[in-house]
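In what follows, chains are A, B, ... by sequence order, proteins preceding strands, each numbered from 1.
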2 protein chains.
Amino acid sequence: MPETDRQREGRQRAPSAKPDGLRERKKRETRQLISNIATKLFTERGFEHVTVDDVAAAANVSKMTVFNYFPRKEDLFFDRSDDVQQLLRDALDSRGRRSPVAALRALAHELVEQRHGFVKMTPGIAGFWKVVADSPALRARTREISEELERDLGRMLAASAGAPEGDPIARLVAALLVGAWRVAFRDALHRQRSARAAISPEVFLELLDHGFTAASAAARGSPYA
Amino acid sequence: MPETDRQREGRQRAPSAKPDGLRERKKRETRQLISNIATKLFTERGFEHVTVDDVAAAANVSKMTVFNYFPRKEDLFFDRSDDVQQLLRDALDSRGRRSPVAALRALAHELVEQRHGFVKMTPGIAGFWKVVADSPALRARTREISEELERDLGRMLAASAGAPEGDPIARLVAALLVGAWRVAFRDALHRQRSARAAISPEVFLELLDHGFTAASAAARGSPYA
DNA sequence: GTCTTAATTTGTACTCGGTATAAAATTGTG
DNA sequence: CACAATTTTATACCGAGTACAAATTAAGAC
């Protein structure tokens, strides 16, 4: 069966140009609606006490549609996670004559200074992570994301230093940095929960800096330090 | 990986006096049988292609019994994982005047020297981790175990230095060490897969030592270094 | 040995996340 | 309107894990 010109055209236009017709708009709206309702339900009742069917029903949509937009249930809560990777990539790309680790340290300080969302400790953020802490599945997903981040950062470091992709030292430095970030972040959350007030980022930065000096020490003699 | 008599004794006597009647013997046998058959099936067909029902049927036992001994399917493959914790605890308890990090470094070198099971790179071990690498669920469980280990080691470090239980520096040092171990171990597996021969542990130790110097650097000024 | 009691095993039925598939509804286009 | 492409839906299924009561089995007393 030979294909018509229109079929060929349609397939070619699909990947690049976004027509932004009624179809795409509705899709985005549906996706957003599902995500919002899911987040609301999860925060109210807890992740494990809300089924995907609940979410679908509350969004007036079938279960299949939910899984059509969000492959796993956890993705309903963790949206927008690869912004971090882009941030790291940019920092490494524009590192100039600084070492990769130094560039990342500068990025961290910038983020804290400008109260970026990743380090801001508002009650909303704390509530978000409370839901995560109460759910084994969400905690597992968090670990998975951490591991992906570690792997990606390792690749970026190796690329930035002109080293082979799997360079163990790059992987090591990435593991140390991501680990330090994790610990510092959890510590900040913990302090914010103990003391009722918002937490000053000095402690966070100090703990994180310990991680950076550790990474530098591990990378001594390599092109990453 | 055969366990020593001292380990088995210590673990069994721990809860209370257990009469070694027919009942307990049968239980141990059943448990062992299930575990063995499961391991065999998983290594043959891959973790995801064997259902718990398959394991139960092959062991002439009901599904409920399987879950009675092993709460989750992953536990059928990951048995005996808290031996590590005991090893770490012993090393820290007998550290004498050395710093906690120094004591752990000594432990690592000892383990490598005496070709302990945790660092031995036999084809069997490599096959084990191949099964893990091919299964998302087992990889997730690996991450979970890593996290538990990190938390426990953090507590042990704090206790060993007389610091409060949640001391962030202890958590940081633990995260750095566990991360370094993970990277070094994966690297060793990778090398063992590329080169066909058994891998000399020098590279593993060198990479791990980078992690220890990193941890020392992060702990400078604290009682851990 | 038998009887009683406690522990273990089993069958059954269920929940929930996730997939496969094909039919139905919706949208874009001529 | 008609037709093709895309999206949504219904339905049926699989596998991990749980709840619960019935059935089996070992331990201990007599």
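- Between B/His49 atom NE2 and D/dC14 atom P the separation is 16 Å, expressed in whole Å.
- Between the P atom of C/dT19 and the CG atom of A/Asn68 lies a distance of 11 Å, rounded to the nearest Å.
- In this structure, NZ of A/Lys27 is placed 13 Å from P of C/dT27, rounded to the nearest angstrom.
- Judged by distance alone, the side chain of B/Asp90 and the main-chain N or O of B/Leu87 form no donor-acceptor pair under 3.5 Å.
- Within the nucleic acid shown, A/Phe70 has no heavy atom closer than 4.0 Å to any nucleic acid atom.
- You'll find that the side chain of B/Met64 is closest to C/dG11, out of C/dT21, D/dA16, C/dG11.
- Spacing between atom NZ of A/Lys63 and atom C1' of C/dG17 amounts to 7 Å, rounded to whole angstrom units.
- Between B/Glu144 and B/Arg141 there is a salt bridge, since at least one side-chain N of the basic residue sits less than 4.0 Å from a carboxylate O of the acidic one.
- For A/Lys73, counting side-chain heavy atoms from C-beta on, the closest listed nucleotide (C/dT10, C/dG17, D/dA16) is C/dG17.
- One atom, CD of A/Glu74, and another, P of C/dC16, lie 16 Å apart when rounded to the nearest Å.
- Residue A/Val55 is out of contact with every strand shown, counting any heavy-atom pair closer than 4.0 Å.
- Atom pair B/Glu24:CD and C/dT8:P shows a separation of 7 Å (rounding to whole Å applied).
- Close to D/dT8, at under 4.0 Å from its OP1 or OP2, lies no side-chain N or O of A/Thr65.
- Checking D/dT9, C/dT10, D/dA16 against every side-chain atom of A/Val61, the shortest atom distance belongs to D/dT9.
- Residue B/Ser62 has its side chain nearest to C/dT10 when only D/dA16, C/dT10, C/dT21 are considered.
- Picking from C/dG18, D/dT18, D/dT11 the nucleotide with the shortest atom distance to the side chain of B/Phe67 gives D/dT18.
- For B/Tyr69, counting side-chain heavy atoms from C-beta on, the closest listed nucleotide (D/dT8, C/dT8, D/dT9) is C/dT8.
- Relative orientation of the B/Phe77 and B/Phe47 rings is tilted, given thresholds of 30° and 60° on the angle between their planes.
- The distance between atom CZ of B/Arg72 and atom P of C/dC16, rounded to the nearest whole Å, is 20 Å.
- Salt bridge annotation for A/Glu147-A/Arg143: absent, with no cationic side-chain nitrogen under 4.0 angstrom from a carboxylate oxygen.
- Checked against D/dG17, D/dA26, C/dG18, the side chain of B/Lys26 finds its nearest nucleotide in D/dA26.
- Within the 3.5 Å criterion, the main-chain N or O of B/Val131 finds no donor-acceptor partner in the side chain of B/Asp134.
- The interatomic distance linking A/Phe47 (CZ) with C/dC16 (P) rounds to 13 Å, in whole Å.
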